[in-house]
4 protein chains.
Amino acid sequence: MDFFNAPGRNHLFVPGPVNIPDQIIRAMNRNNEDYRSPAIPALTKTLLEDVKKIFKTTIGTPFLIPTTGTGAWESGLTNTLSPGDRIVSFLIGQFSLLWIDQQQRLKFNVDVVESEWGQGAKLDVLESKIASDSAHTIKAICIVHNETATGVTNNLAKVRQILDSYRHPALFIVDGVSSICALDFRMDEWGVDVAITGSQKALSLPTGIGFVVASPKAIEASKTAKSLRVFFDWKDYLKFYQLGTYWPYTPSIHLLYGLRAALDLIFEEGLENVIARHNRLGTATRLAVEAWGLKNCTQKEEWFSDTVTAVVVPSYIDSTEIVRRAWKRYNLSLGLGLNKVAGKVFRIGHLGNLNELQLLGCLAGVEMILKDVGYPVKLGSGVAAASAYLQNNIPMIPSRI
Amino acid sequence: MDFFNAPGRNHLFVPGPVNIPDQIIRAMNRNNEDYRSPAIPALTKTLLEDVKKIFKTTIGTPFLIPTTGTGAWESGLTNTLSPGDRIVSFLIGQFSLLWIDQQQRLKFNVDVVESEWGQGAKLDVLESKIASDSAHTIKAICIVHNETATGVTNNLAKVRQILDSYRHPALFIVDGVSSICALDFRMDEWGVDVAITGSQKALSLPTGIGFVVASPKAIEASKTAKSLRVFFDWKDYLKFYQLGTYWPYTPSIHLLYGLRAALDLIFEEGLENVIARHNRLGTATRLAVEAWGLKNCTQKEEWFSDTVTAVVVPSYIDSTEIVRRAWKRYNLSLGLGLNKVAGKVFRIGHLGNLNELQLLGCLAGVEMILKDVGYPVKLGSGVAAASAYLQNNIPMIPSRI
Amino acid sequence: MDFFNAPGRNHLFVPGPVNIPDQIIRAMNRNNEDYRSPAIPALTKTLLEDVKKIFKTTIGTPFLIPTTGTGAWESGLTNTLSPGDRIVSFLIGQFSLLWIDQQQRLKFNVDVVESEWGQGAKLDVLESKIASDSAHTIKAICIVHNETATGVTNNLAKVRQILDSYRHPALFIVDGVSSICALDFRMDEWGVDVAITGSQKALSLPTGIGFVVASPKAIEASKTAKSLRVFFDWKDYLKFYQLGTYWPYTPSIHLLYGLRAALDLIFEEGLENVIARHNRLGTATRLAVEAWGLKNCTQKEEWFSDTVTAVVVPSYIDSTEIVRRAWKRYNLSLGLGLNKVAGKVFRIGHLGNLNELQLLGCLAGVEMILKDVGYPVKLGSGVAAASAYLQNNIPMIPSRI
Amino acid sequence: MDFFNAPGRNHLFVPGPVNIPDQIIRAMNRNNEDYRSPAIPALTKTLLEDVKKIFKTTIGTPFLIPTTGTGAWESGLTNTLSPGDRIVSFLIGQFSLLWIDQQQRLKFNVDVVESEWGQGAKLDVLESKIASDSAHTIKAICIVHNETATGVTNNLAKVRQILDSYRHPALFIVDGVSSICALDFRMDEWGVDVAITGSQKALSLPTGIGFVVASPKAIEASKTAKSLRVFFDWKDYLKFYQLGTYWPYTPSIHLLYGLRAALDLIFEEGLENVIARHNRLGTATRLAVEAWGLKNCTQKEEWFSDTVTAVVVPSYIDSTEIVRRAWKRYNLSLGLGLNKVAGKVFRIGHLGNLNELQLLGCLAGVEMILKDVGYPVKLGSGVAAASAYLQNNIPMIPSRI
C-alpha cells in the first residue's frame with residue numbers, strides 16, 4: 001500500500017482524531033485479556049473514579065461506552081428523553097447540525113435555534129424561550145460546548161444561569177466532544193446533567209470510547225425515559241456496576257489500558273496546566289492567522305476556541321486545495337471546511353497532547369501552502385507572531401530535571 | 001497496579017476476547033491519522049471487499065460499525081424490522097438469551113423457541129411454525145450459529161432448507177459472533193440475510209468493530225423498517241459508500257489497520273485451513289474431556305462446537321473455583337459457566353489464532369486444576385488423548401521453508 | 001516474506017534468545033532519545049545500582065556494554081589479563097570451547113582442563129594445579145557457570161573454596177551467560193572477580209547488552225593489564241561514570257528502557273522466586289525426559305541445569321530432524337545439538353520469563369515429535385510426570401488478587 | 001520516573017541517535033526468535049544484499065556487527081592492520097579525535113594531520129605525504145566522511161584521486177557514520193576499502209549494529225593483519241557466510257527486522273531522493289543560520305554538511321545553556337558543542353527520516369531560545385529564510401495518491 005508512506009512524521013492537525021502520545025501507544029501495545037478476570041474490574045474502578053475528575057464532577061456517574069461520539073450523543077439522549085419530548089437545540093455548525101439531525105430522527109420535538117456559522121449559540125433566544133415556558137414543556141437544552149466545524153466555544157455557565165433564573169427544570173445536555181480535557185469544563189458547578197466526549201479528542205486516544213457522564217438528575221430521568229435503547233442503555237451498566245464486574249458486554253481491553261495512561265499523563269501535567277496549554281496554543285494560532293491577514297471564522301473573541309481554529313480564505317482560493325496540498329506536499333493533515341463553509345475555511349486543530357514547536361512547524365507549513373495557492377502571505381510572519389507570544393509564555397516543563 | 005503481572009505468558013482460553021497475533025499487534029502500534037485523507041478510504045475499500053470473502057458472500061454489503069457484538073445485533077435488527085414485528089428466536093444459552101432480551105426491549109414480538117441448555121435450536125419447531133404461517137406473519141428468524149455459553153453449533157443450512165420448502169420470505173438473521181472465520185459459514189449459499197460478528201472473536205482483534213453484512217433483501221428491508229436508529233443506521237453508511245469516503249463518523253484507525261493485518265493472515269493461511277485448524281483443535285479438546293471422564297455440556301455430536309467446549313463438572317465441584325484457580329495459580333484464563341450453568345460448567349475457548357501446542361499447554365493446566373479441586377483425574381490423560389489425535393493430523397506449516 | 005508466519009504463537013524453547021515479556025516489549029516500543037540529556041543518566045544510574053543486585057554484589061562495578069556475550073567475554077579477559085598470562089580454563093562443551101578459542105586467539109597461555117561432554121568441570125584437576133602453583137603463575141581461572149550446550153552447571157562455591165584453601169590470588173572469571181538471574185549466583189560471597197552475562201538470556205531482553213561486573217580486584221588488575229582494547233575498555237566507562245554522564249559512546253536507548261522493565265519484573269516477582277521457578281521448570285523437564293525413557297546428556301545430578309536440558313536421542317534418530325520438525329510442524333523452537341553432540345542431543349531451554357503451562361505445551365510437543373521420528377514414546381507420559389510434580393509445587397501467583 | 005514526560009513529542013535534532021520512523025518501530029515490536037531457524041538466515045541474506053546498495057558497492061562484503069560506531073571503527077582497523085603500521089589520519093573535530101585515540105591505543109603509528117576545527121581534512125598535506133612515500137610505508141588513510149562535531153564533509157573523491165595519481169596502495173578507510181544513507185557516498189567508484197556506519201544515524205534505527213563493509217582488497221588484508229581480535233574478527237563471519245547460517249554469535253533479532261524496514265523505506269523513497277532531501281534540509285538550515293546573523297562553524301561552503309550544522313554563538317552566550325533550555329523548556333533536543341567548541345557552538349542534526357515541517361518547528365524553537373538567552377534575533381527570520389527556499393523546492397510526495 002505504497003501511498004501511506006512519506007518521509008518523516010505526519011503532522012496531524014485535524015481537530016480529531018488527534019496525536020496519541022507514545023506513552024499511550026505503549027500502554028495499548030498488548031494482547032487481549034479476559035475481561036471477567038479480577039484484573040479488569042480493578043482497572044476499571046480506577047478509570048471510573050478518574051474520569052469524573054476530568055469532567056469536574058463528584059456526583060456524576062460515568063459510562064464508558066464502546067462507541068464513538070455519535071453513539072455517545074445517542075446514549076445521552078435516549079436514556080433521558082422520550083419520543084415527542086420538546087428540546088431546545090442550537091445549530092451553529094456542522095456538528096451541532098448532525099446532532100440535531102439525530103435528535104429529529106429519534107423523534108424528539110426539536111426547537112432549533114440557529115446562528116450564522118461562526119457565531120455562538122443565541123443564548124438570548126434561549127432566555128426568552130425559558131422565560132415563556134412556565135409550563136416546563138422544554139425537557140432539555142442540548143448544546144455543543146465547542147463547535148468543531150467553526151471553532152466556536154459557547155458559554156455554558158450562562159446557560160446554567162438562565163435555567164436557574166427561571167428555576168427551569170430542563171435537563172442540560174452538553175456535547176463536550178472537542179472541549180473536555182482541553183477547555184475549562186465544570187460539570188457540577190455548571191449543573192450539567194449529561195456531558196459527552198470521545199476518546200479520540202483531547203484525551204488523545206484512538207476512537208472507540210464514547211464517554212457519557214450523567215448527573216443524579218439524569219440518572220433519575222433514565223428510569224422513566226421511553227426512548228428504546230439496549231446497547232446504549234445505562235441500566236445495564238448500572239447493574240454491572242452493582243455487581244462490581246462493570247461491563248455488560250466486552251470492552252476494548254486496549255482502550256482501557258490506554259485510558260489509564262492518558263489519565264496518568266493528564267494528572268501528571270495537571271489538568272489546569274493542560275487547559276492553560278490549550279489556551280496558549282489557541283492564542284498563538286490566532287495571532288498567526290491575524291499576521292497572515294486572514295480572518296478567523298469565529299466572529300467574536302468571546303467565542304474563540306482553544307481547540308480548533310477555522311481560517312477563512314479569500315474567495316479566489318478553494319480551501320479544499322489547501323488541505324489537499326498540505327497532505328500531499330507537506331505531510332500535514334488539516335481539517336476541511338464542512339457543509340456551509342466547504343471550500344471557504346480550513347481548520348487547524350490544536351487539541352490533545354501537543355506542544356509549541358509542533359504547532360509552529362504546522363504554522364510554517366500553512367504559510368508555505370498559502371503561498372503555493374497564490375495567497376500573498378509573508379513567509380515567517382505567522383510564525384513570528386505566534387512565537388513572539390509563546391516565547392514569553394511557555395513555562396519550563398516542570399517535570400524536567 | 002501490581003496484580004496484573006505474573007511470570008510468563010497469560011494463557012488466554014476464554015471464547016473471546018481471544019489472542020491477538022503479533023502481526024496484528026504490530027499493525028495497530030501507531031498514531032492516529034486523519035480519516036478524511038485519501039489513505040483511509042483507499043484502505044477501507046480493500047477491507048470491505050475482503051470482509052465479504054470471510055462471510056462467503058459476493059452479494060452482501062458489509063458494515064464495519066465501531067461497536068461490539070451487542071451493538072451489531074442491534075444494528076442488524078433495527079435496520080430490518082419494525083416494532084411489533086413477529087420474529088422467531090431460539091433460546092439455547094446465555095448469548096441467545098441476551099439477544100432475545102434485546103429483541104424484546106426493542107419491542108419486537110418475539111416467538112421464543114427454547115431448548116434445554118446443551119442442545120441445539122429446535123428446528124422441528126421452526127418447521128411447524130413456518131408450515132403454519134402461510135400468512136407470513138413471521139418477519140424474521142433469529143438464530144445464533146454458535147452458542148458461546150454451551151458450545152452448541154446450530155445447523156444453518158437446515159434453517160434455509162425449511163424456509164425454502166415453504167417459500168417463506170422471513171428474513172434469516174444470524175449471530176455468527178463465535179463462528180465466522182472459524183466455523184464453516186456460507187452467507188450466500190445459505191441465503192442468510194443479516195450476518196453478524198465481532199472483531200474480538202475469530203478475527204483475533206481487540207473489541208471495537210461490530211461486523212454486520214446485509215443481503216440485498218435485508219438492504220431492501222432497511223428502507224421501510226421503522227425501528228428508530230441513528231448510530232446503527234445503515235443509511236448513513238450507504239450514503240458515504242456512495243461518496244467514496246466510507247465513514248459517516250470517525251472509525252478507529254487502529255482497528256482498520258489491524259483488520260487489514262488480520263485478513264492478510266487469514267488469506268495467507270487460507271480460510272479453509274483456518275476452519276480445518278479449528279476443527280482439529282475442537283476435536284482434540286473433546287477427546288481430552290472424554291479422557292478425563294467428564295461430560296461435554298453439548299449433548300449430541302451434531303451440535304459440537306469447534307470454537308468453544310463447555311465442560312460439565314461433577315456436582316461436588318464448583319466450576320467457578322476452577323476458573324478462579326486457573327487464573328490465580330496457572331495464569332490460565334478459562335470461561336465461566338453462565339446463568340443456568342453457573343458453577344456447573346467451565347469453558348475452554350479454542351478459537352482465533354491458536355496452535356496445537358498452545359492448546360495442549362492449556363489442557364495440561366486444566367488437568368492439574370481438576371486435581372487441585374479434588375477431581376480424580378489421571379494427569380496426562382487428556383493430553384495423551386488429544387496429542388494422539390493431533391500427532392496424526394497436524395500438517396506441516398505450508399509457509400515454512 | 002511468507003515463510004515467517006504460522007498460526008498461533010511461536011513456542012520459543014531455545015536456551016537463548018528467550019521469550020521477552022510483554023511488559024518489556026512495551027517498554028522498548030519507542031523513539032530514540034538524546035543520550036546526553038539529563039534523562040538518560042538518571043535512568044542509567046538506577047540500572048547500574050539494580051544490576052548489582054541480580055549479581056548479588058555490593059562491591060562490584062557493572063559495565064553494560066553494547067555487545068553480545070562473546071564481546072562481554074572479551075571485555076572480561078582483555079581488561080584483566082595480558083598476552084602470555086597463564087590461565088586455567090575448563091572445556092566441557094561448545095560454549096566453553098568457543099571461549100577457550102577466544103582466550104587462545106587473544107594470546108593467553110591457556111591451560112585447558114577438558115571433561116567429557118555431559119560432565120562438569122574437573123575441579124579436582126583444578127585443585128592439583130592450584131596446589132602445585134605456589135609461584136602463582138596461574139593468573140586466572142575461567143569457568144562457565146552453566147554450559148549451555150550440554151546443560152551442565154558447575155559448582156562455583158567449590159572453586160572459591162579451592163582458591164582460598166591455597167590462598168591463591170588467581171582471578172576468578174565466570175561466564176554466567178545462561179545462569180545469572182536464573183540460577184543461584186553469588187558474586188560477592190563466592191569471590192567472583194569478573195562475572196558476565198548477556199541481555200538475551202535470563203534477563204529476557206533482545207540481544208545487545210553484554211553485562212560485565214568487575215570486583216575491586218578486577219578493577220585493580222585492569223590498570224596494568226596489557227591486552228589491547230578500546231571498545232571493550234573499562235577505563236572509558238569509569239571516566240564517564242565519574243562525569244555522571246555514564247556513556248563513552250552511544251548506548252541503545254531501547255535496551256536501557258527494556259532493562260529497566262526487566263529489572264522491575266524480577267524484583268516484583270522476587271529474585272529468589274525467579275530462581276525457584278527455574279528450579280521448578282528444570283525439575284519438571286527432567287522428570288519428563290525420564291518418563292520418555294531418554295537420557296539427560298548431563299551425567300550426574302550434581303550438574304543438572306535448571307536453565308537448559310540436553311536430551312540424548314537413541315542412535316537411530318538424528319536429533320537435527322527433531323529440531324527441524326519441531327519448527328516446521330509445531331512452531332516450536334528447540335536447541336540443536338552442537339559440535340560433538342550434533343545429531344545426538346536436542347536441547348530444551350527453560351530459562352527466562354516462562355511459566356508452567358508454557359513448558360507443558362512444549363513437552364507435549366516434544367512427545368509428538370518423538371513419535372513422528374519413530375521413537376516409541378507413550379504420548380502424555382512426560383506431561384504426566386512433569387505435571388504430577390508441578391501440581392504439588394506451583395505456588396499461587398502472589399501478585400494476583 | 002517523572003522527569004521523562006512532557007506534553008507533545010520530543011523534537012529530536014541531535015545528529016544521532018535520530019528519529020525512528022513508525023514503520024521501523026512497528027517492525028521491531030516483537031518477541032525474540034531462534035536465530036538458528038531457517039527464517040533468520042533467509043532474512044539476513046536479503047539484508048546483506050541490500051546493505052551493499054546503500055554503500056553503492058557490488059564488490060564489497062558487509063559485516064553487521066552487534067556493536068556501535070566505535071566498535072565498527074575497531075573492527076575496520078584491527079582486521080586490516082597490524083600494530084606498528086603507519087597510517088595517516090585527519091583530526092578535524094571530536095569524532096576524528098576519538099578515532100585517532102583509538103588508533104593510537106591499538107598501537108598503530110598514526111601520522112596525524114590536524115586542521116582547525118571547522119575546516120576539512122588537509123588533502124594537500126595528504127598529497128605531499130603520498131607523493132613522498134614511494135616506499136609505501138603508509139598502510140592506510142583514515143578519514144571521516146562527515147565530522148559530526150563541526151558539520152564538515154570531506155571530499156572523498158579527491159582522496160582516491162590522490163592515491164591513484166601516485167599509484168599508492170594504502171588502504172582507504174572511511175568513517176561514514178554520519179554520512180552513509182544521507183550524503184552521496186560511492187564505495188566502489190571512490191575505491192573505498194573499509195566503510196563504516198552505525199544503525200542509529202541515517203538508517204534511523206536504535207543503536208546496536210555497527211556496519212563495516214570491506215572491499216576485496218580489505219578482505220585480502222584481513223588474512224595477514226596481526227592485530228588481535230575475536231569479537232570483531234571478520235574471519236568468523238566469513239566462515240558462517242559460507243555455511244549459510246550467517247551469524248557467529250547471537251544477533252539482535254529486533255534490529256534485523258528493523259533494518260529490513262529501514263531499507264524498505266529507503267528504497268521506497270529512493271536513495272537519491274533521500275540524499276536530495278538531506279541536501280534540502282541542510283540548505284534550509286544554513287539559510288536560517290544566516291538569517292539569524294550567526295556563523296556556521298564550517299568555514300567554507302565546500303565542506304558544508306547536509307546532516308549536521310554547528311552554529312557558532314556570540315562569545316557572550318554559553319551554547320550549553322541553549323541546549324539545556326531547548327530540552328527543558330521546548331522539549332527540543334539539540335547537540336552540544338564538544339571539546340574545543342564546547343560552549344561555543346550548538347548543533348542541529350538534520351539527518352534521518354525527517355521532513356520539512358519538522359525542521360521548521362525546530363528552527364522556530366531555536367529562534368525562541370536564542371531570544372531567551374539574550375541574542376537579539378528577529379523571531380520568524382530563520383523560518384522565513386528556510387521556508388522561502390523550501391517552498392520552491394519541496395516536491396509532491398510521490399507515493400501519495
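We name chains A, B, ... by the order of the sequence lines, and we start the count at 1 in each one. A quick note: this is a predicted structure, and the numbers were derived from the prediction, not measured.
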Residue pair Leu106(D), Val230(C): steps toward the side-chain contact (heavy atoms from CB on, under 4.5 Å) verdict: CA-CA 7 Å; Leu106(D) 291 170; Val230(C) 182; 4.0 Å; yes

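Closest of all the heavy-atom pairs between Asp233(C) and Arg105(D) is OD2-NH2, 2.8 Å.
In this structure, chain C has no heavy atom under 4.5 Å from any part of Leu255(D). For Arg9(D), no part lies near chain C; criterion is any non-hydrogen pair under 4.5 Å. Contacts of Ile24(D) with chain C are absent, with no heavy-atom separation under 4.5 Å from either backbone or side chain. Residue contact with chain C, scored on non-hydrogen atoms closer than 4.5 Å, involves the backbone of Val18(D) exclusively. For a residue to count as touching a neighbouring chain, one of its non-hydrogen atoms must lie under 4.5 Å from one of that chain's; by this rule Gln102(D) touches chain C with backbone and side chain alike. For a residue to count as touching a neighbouring chain, one of its non-hydrogen atoms must lie under 4.5 Å from one of that chain's; by this rule Lys201(D) does not touch chain C. Heavy atoms of Pro251(D) lying under 4.5 Å from chain C belong exclusively to its backbone.
Within the model, atoms CZ of Arg229(C) and OG1 of Thr78(D) stand 15.0 Å from one another, a figure rounded to the nearest 0.5 Å.
Ranked by heavy-atom pairs shorter than 4.5 Å toward chain D, the options Arg30(C), Arg36(C), Met28(C) are led by Arg30(C). Of the listed residues Asp236(C), Asp101(C), Ile253(C), the one with more heavy-atom pairs under 4.5 angstrom with chain D than any other is Asp236(C).
Using a 4.5 Å cut-off on side-chain heavy atoms (C-beta onward), Pro17(D) and Thr250(C) make contact. Within the 4.5 Å cutoff, the side chain of Glu33(C) has no heavy atoms near those of the Val14(D) side chain.
Under the 3.5 Å distance criterion, the side-chain polar atoms of Asn19(C) are left unmatched by any main-chain donor or acceptor of Asn31(D). Between the Asn32(C) side chain and the Gln200(D) main chain, no donor and acceptor come within less than 3.5 Å of each other.
For Phe231(C) and Phe231(D), the ring centers sit 6.0 Å or farther from each other. Taking the six-membered ring where the residue is Trp, the centroids of Phe232(C) and Phe232(D) are separated by under 6.0 Å.
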